[in-house]
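Reading through the structure tokens given below for one structure.
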Protein chains: 2
Amino acid sequence: MRKTVANTEILRLITESETTLSHADIKSLLPEGLCDRVTIYRVLDRLVEEGLIHKVVNIDGVVNYASCDGCTTKHHHNHVHFNCEKCNAVTCLDNVEPTFKLPEGYSVKEMNFVISGLCPNCN
Amino acid sequence: MRKTVANTEILRLITESETTLSHADIKSLLPEGLCDRVTIYRVLDRLVEEGLIHKVVNIDGVVNYASCDGCTTKHHHNHVHFNCEKCNAVTCLDNVEPTFKLPEGYSVKEMNFVISGLCPNCN
DNA sequence: AATTTTAATGCAATAGTGTTGCATTTACAA
DNA sequence: TTGTAAATGCAACACTATTGCATTAAAATT
Ligand SMILES: [Mn+2]
Ligand SMILES: [Mn+2]
Ligand SMILES: [Zn+2]
Ligand SMILES: [Zn+2]
């Protein structure tokens, strides 16, 4: 992956953010005209590919992005995400990993766990 | 809720289906021209409202619908859903309820748990 | 430093999901 | 049978995301 302003800036935004960021969030956080909206989509795809960030599909169906800690070739984010109804923040609860037992015959690739409600700040 | 053809047929489709159904699924399963696409959306909203069906937001962000067993005023579907990468089916695993412990201060309204991978049929 | 390669970008067009406004129809209660 | 509100159809719109293609530019090669 080549080093470009878009790459650097988008990754920086996501890394420094307390919450996950959607494409729309990123677009409005980036300096006006730094790059095209399509470029943002492509950069995000690449960063996921590289194992630097991971996707979270929110309750509203919109994809949000968060930085990974130790992901390289494979993503392992089996943690819960929380979507606050009031402040709308989507956050990784990195150390909340649900336990469950699937019936025989299933093989797991990915997980997408989202809980909505009120976060500590809004509660 | 008034008894209409759209209501009856859409609820029947969802109830009789082994898997969850998306708006697109329902549209193509219903007899051509039975009702408008917007009506399908509105019927689905009403059925959710009435506690007859529940929503599942799939990994691709698309909403799927499944029948409820004992939901009346409140939905309580804290079970896992499985999305097969091969046959694309999204199914309720009604008796797989994950356990986890949220930090202090969070209050839970809804959950959306989706696991993707290969289902027993495709594995 | 100049050249080459090809990854990355911009822009326009397109697809898919879902919502809203408003006039009309219809289920059902009175 | 009549009146009323719920439900519908249709058109327009909003939003997220993708694709094709010509152009630009990062970085490897000479
Ligand atoms: Mn996460
Ligand atoms: Mn379910
Ligand atoms: Zn909040
Ligand atoms: Zn399958």
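Below, chains carry the letters A, B, ... as their sequence lines are ordered, and counting in each starts from 1. As the structure is a prediction and not an experimental result, all values here were calculated from the model.
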(Q) Assess whether a salt bridge exists between A/R12 and A/E9, defined as any Lys/Arg side-chain N lying under 4.0 Å from an Asp/Glu carboxylate O. (A) yes

Q.
In whole Å, I'd like the distance from the CG atom of A/N58 to the P atom of C/dT17.
A. 19 Å

Q) Is it true that B/L29 and B/V62 fall in one hydrophobic cluster, defined by side-chain heavy atoms closer than 4.5 Å? A) no

Q: May I have the distance from B/Y41 (atom OH) to D/dC10 (atom C1'), rounded to whole angstrom?
A: 15 Å

Q. Expressed in angstrom and rounded to an integer, what is the separation of A/R2 atom CZ from D/dA27 atom C1'?
A. 6 Å

Q) Base, sugar-phosphate alone, or nothing: which one does A/R46 contact when heavy atoms must sit under 4.0 Å apart? A) sugar-phosphate

Q: Using whole Å, report how far NZ of A/K27 lies from P of D/dA17.
A: 13 Å

Q: Take atom CG of B/L44 and atom P of D/dT8, then tell me their distance rounded to the nearest Å.
A: 11 Å

Q) Side chains of A/T20 and A/N64: donor-acceptor distance under 3.5 Å anywhere? A) yes

(Q) Once you apply a heavy-atom cut-off of 4.0 Å, does A/V38 come out as touching a base, just sugar-phosphate, or nothing? (A) base

Q | Ring geometry between A/H77 and A/H54 (parallel below 30°, tilted from 30 to 60°, perpendicular above 60°) | A | parallel

Q: Would you mind reading off the distance between A/D36 atom CG and D/dT18 atom C1', rounded to a whole angstrom?
A: 13 Å

Q) Between atom CD in B/E9 and atom P in D/dT8, what is the gap in whole Å? A) 12 Å

Q. To the nearest Å, how far apart are A/R37 CZ and C/dA13 C1'?
A. 11 Å

**Q.** Closest-nucleotide ordering on DNA chain D, the 5'-leading residue of B/R42 and A/M1
**A.** B/R42

Q: Examine D/dA26: is either OP1 or OP2 under 4.0 Å from a nitrogen or oxygen in the side chain of A/T4? Give yes or no.
A: no

